Amino acid sequence: MNNKYIGVFDSGIGGLTVVKAILDILPNENIVYFGDTLHMPYGEKSPEDLRKLVLNNCKFLNSFDLKAIVIACGTAGACCMQDVIDHNDLPVFGVIDPASKLAAKTSKNKKIGVIATKAAINSNAYEKAIHKFDSSVNVISKATPLLASLVEEGRFTNDNIETKTVLKEYLQIMIDEHVDTLILGCTHYPLLSSMIKEILPDVNIISSSKCAADALKSALEANNLMSDTFIDQKYFVSSNPERFTELANIFMDKFNSNVSLKKLD
Ligand code: DGL
């Protein structure tokens, strides 16, 4: 057993979909979360700029007593997973491999769609990961740069016409290419899943956030690192904690944690 914190980070609220998925299956885990809201969207950053931000996020998280780091951000994982592994003496978990593995295993027609930020799609990380598990898959990748910002604006509830319109345009290629499986490759996107399901009713939608939580659980169990006592959750953001709290309250059950402002040097 190990009751130390799991350090989790993202550019904003997207990583909370990973936290939610973790706490659904590992309710005793203690979490310290950093949302780099000052630098959101990560999807528009260069790999060099992202690397600096991501390593700084890890440095901050390491000021707590951690047992693992979760890169709860498809973009950061796509561009800097190896950097995080190289600079930290802790197990590092990401969202890309677990979702890619499940998609490769479950797709019947071997046509898998991936939607993610521009930086994540440009890195080809999802395509490479899917091909590691099944090289015969045809991967249809689509950068969907407006989505994370729409989510961060709180425009993820089902009645949001602008978001639905943007989604319809972005997802048309998945209909044209007959994908049977779609990976939500950015952790902001699970908040759009009911709208996505409405547009693609026959497609198996895979949440990278949920898959990451499942992989974390298996690894903690296998290494006897699970926590047996819930102590606390700590949340930090680099700008506007009030807004973050407001959004978190919409989709996190009983989100009554304090969110503190933490500007990193
Ligand atoms: N949640 C993020 C991801 O998984 C980042 C979105 C962004 O900041 O552009 O890619």
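In listed order, ligands and their atoms are each counted from 1. As the structure is a computational prediction, the values presented were derived from the model and not from experiment.
- In terms of heavy-atom proximity, A72 sits nearest to T187 at O-OG1, 2.8 Å.
- Ligand 1 has no nitrogen or oxygen under 3.5 angstrom from a nitrogen or oxygen of C186.
- Not a single N or O atom of E44, backbone or side chain, sits closer than 3.5 Å to an N or O atom of ligand 1.
- Classification of the F64-F236 ring pair by plane angle, with boundaries at 30° and 60°, yields tilted.
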field: side-chain hydrogen bond (donor to acceptor under 3.5 Å, both in side chains) assessment of D36 paired with S238
entry: CA-CA 5 Å; D36 193 8; S238 49; 2.7 Å; yes

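- For ligand 1, the atoms closer than 4.0 angstrom to any heavy atom of P41 are 7 (C), 8 (O), 9 (O).
- For Y189 and S209, the side-chain atoms include no donor-acceptor pair closer than 3.5 Å.
- Checked against a 3.5 angstrom limit, the closest N/O atoms of G74 and ligand 1 fall inside it.
- In T187, the parts holding a heavy atom less than 4.0 Å from any atom of ligand 1 are both the side chain and the backbone.
- Heavy-atom contacts of G43 reach the following atoms of ligand 1: 7 (C), 8 (O), 9 (O) (cutoff under 4.0 Å).
- The shortest separation from a heavy atom of A120 to ligand 1 is not under 4.0 Å, leaving the residue out of contact.
- For ligand 1, the atoms lying closer than 4.0 Å to a non-hydrogen atom of T117 are 6 (C), 9 (O), 10 (O).
- Atoms of ligand 1 found under 4.0 Å from any heavy atom of S11, numbered from 1 in the order shown, are 5 (C), 6 (C), 7 (C), 8 (O).
- Aromatic ring centres of F34 and Y235 lie farther apart than the 6.0 Å criterion allows.
- At least one side-chain heavy atom of E152 sits under 4.5 Å from a side-chain heavy atom of T37.
- Ligand 1 places these atoms under 4.0 Å from at least one heavy atom of D10: 1 (N), 2 (C), 5 (C).
- If you check which protein heavy atom lies closest to atom 7 (C) of ligand 1, you get Y42 N, 3.3 Å.
- At distances below 3.5 Å, at least one donor-acceptor pair connects side-chain atoms of K67 with backbone N or O atoms of N2.
- Close contacts between ligand 1 and T75 involve ligand atoms 3 (C), 4 (O), 5 (C), 10 (O) [criterion: under 4.0 Å to a heavy atom].
- Shortest non-hydrogen contact noted between A21 and K210 is CB-CA, 3.9 Å.
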